[in-house]
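These notes are about the structure you will find just below.
Quick note: numbers below take in every heavy atom, side chains included, and nothing from hydrogens, waters or symmetry partners.
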Protein chains: 2
Amino acid sequence: MSRPPAAREKILDAYCDLLRRDGERAATMDSTAALAGVSKGGLLYHFKSKDALAEAVVERLLAAAERDQAVMATAEEGASRYFVRTSLQSGSDLDTTYSAVVRLAAGAYEPAVRALDTVHRGWLELIQREVGDPHAAGAIMLMGEGLYYHSTLPGTWSRGTFVESLDELLRQVDRLKSGS
Amino acid sequence: MSRPPAAREKILDAYCDLLRRDGERAATMDSTAALAGVSKGGLLYHFKSKDALAEAVVERLLAAAERDQAVMATAEEGASRYFVRTSLQSGSDLDTTYSAVVRLAAGAYEPAVRALDTVHRGWLELIQREVGDPHAAGAIMLMGEGLYYHSTLPGTWSRGTFVESLDELLRQVDRLKSGS
DNA sequence: GTCTATATCTCGATAGAC
DNA sequence: GTCTATCGAGATATAGAC
């Protein structure tokens, strides 16, 4: 359990935040360094290139997703409800990193695309294990992903709408789970 | 019904394609002009700035969505099935433009965010009109949006998975529709 | 209406001081 | 381990020829 330098983590946090909030275009090394409170030279000591930064974010996602899926697999409410409920952005480490990787994938960065594949497979697998019917499981996963998609678009009406009705949405999940 | 110059449309097509396939970063004026088969000067005759390009894409989305929602409102299969079915990228004008605007919104471009709000409200409204129960309608909309989200991520496993099971997914839509 | 040439700015990355 | 200074590439945008 080596403890990575605090500066390194601050830089990664800043890069993920910029990706999530302002998009790939705004997530430059200059603005990342500024937000992290270090100079460009300081940043480049920890990450030799921009690719190295992106790589580190992808690794962070895979680690966070593995931890989260361990929790999801044993959640009392069941994997489906856990998944849909936590698809709303809450500011957790997984949220932020996942959103950042989605932005990287949107920029056609291959390692990000592959990492998302892995994470998505894991989620569907866990939901299927609980639900049984693979198509009901697929529908539940899509609901969660739709919720994520809406919660990640900057400042929209839909986020508020769906946040307010989360309880009722979870009851729709129950309907998909039961029978058929 | 003024007919806009062919070059202008080709430029917009190229810009949308680049945004969708390669992200905001890659969608530069240089590469847009190259893909459209015009020079940078030619591009700048039709669009005085990059912002003007983005604006035109947003307007195109609003027009395409209005046309599509008119079809959706009277679709024989019902608005819900129509919506979920067409959430899979098919290469239609609406698909391409919507994806492009989502990328612009991810870059925190406010007019894109507002346009998406408008379009999303319209979709949910039409689904609710068919389904009755607003929460079932919300769940159906989220399924469609999840499907869109997966189909727009470049080259993933999930796209294939959900494409293959579209018929069964539509039956899950029916389950959500029928009696709460 | 479309092109070339060019000015200006910002990004990513290197070099070297401290 | 962190900083400043600076270079080359690529981005937006302007000017003006055809």
Rounded off to whole Å, could you give me the CE-to-C1' distance for the B:Met29 and C:dC9 pair? 15 Å
Quick check on the 6.0 Å ring-centre criterion: do A:Tyr15 and A:Phe47 meet it? no
Looking at every strand, decide which applies to A:Thr28 at a 4.0 Å heavy-atom threshold: base, sugar-phosphate, or nothing. sugar-phosphate
Between CZ of A:Phe47 and P of C:dT14 the distance, given in whole Å, is 16 Å
Tell me: CG of B:Leu53 to P of D:dA11, nearest whole Å? 15 Å
Length of the line joining B:Lys50:NZ and D:dT14:P, which is rounded to integer Å: 15 Å
Distance check needed: D:dA13 C1' versus B:Asp51 CG, whole Å only. 13 Å
Rounding to an integer number of Å, can you tell me how far B:Lys48 NZ sits from D:dT14 P? 11 Å
Length of the line joining B:Leu43:CG and C:dA5:P, which is rounded to integer Å: 18 Å
Does A:Arg171 pair with A:Asp174 as a salt bridge, N-O distance under 4.0 Å? no
Give a yes/no answer on whether the side chain of A:Tyr45 brings an N or O atom under 4.0 Å of OP1 or OP2 in D:dT2. no
Pairwise 5' ranking along DNA chain C for A:Gly41 and A:Asp30, keeping only the more 5' one: A:Asp30
Report the nucleotide, chosen from D:dT12, C:dT2, D:dT6, that has the shortest atom-to-atom distance to any side-chain atom of B:Lys40. D:dT12
N/O (side chain, B:Arg25) to phosphate O (OP1/OP2, C:dG12) under 4.0 Å: yes
Might you work through the salt bridge (charged side-chain N to carboxylate O under 4.0 Å, His left out) test for A:Arg60 and A:Glu9, ending with a clear yes or no? CA-CA 10 Å; A:Arg60 206 193 226 198; A:Glu9 293 303 303; 3.1 Å; yes
I'd like to know whether the aromatic ring centres of A:Tyr98 and A:Trp123 sit less than 6.0 Å apart in this structure. yes
Please report the distance, rounded to the nearest Å, between CD in A:Glu24 and P in C:dG12. 11 Å
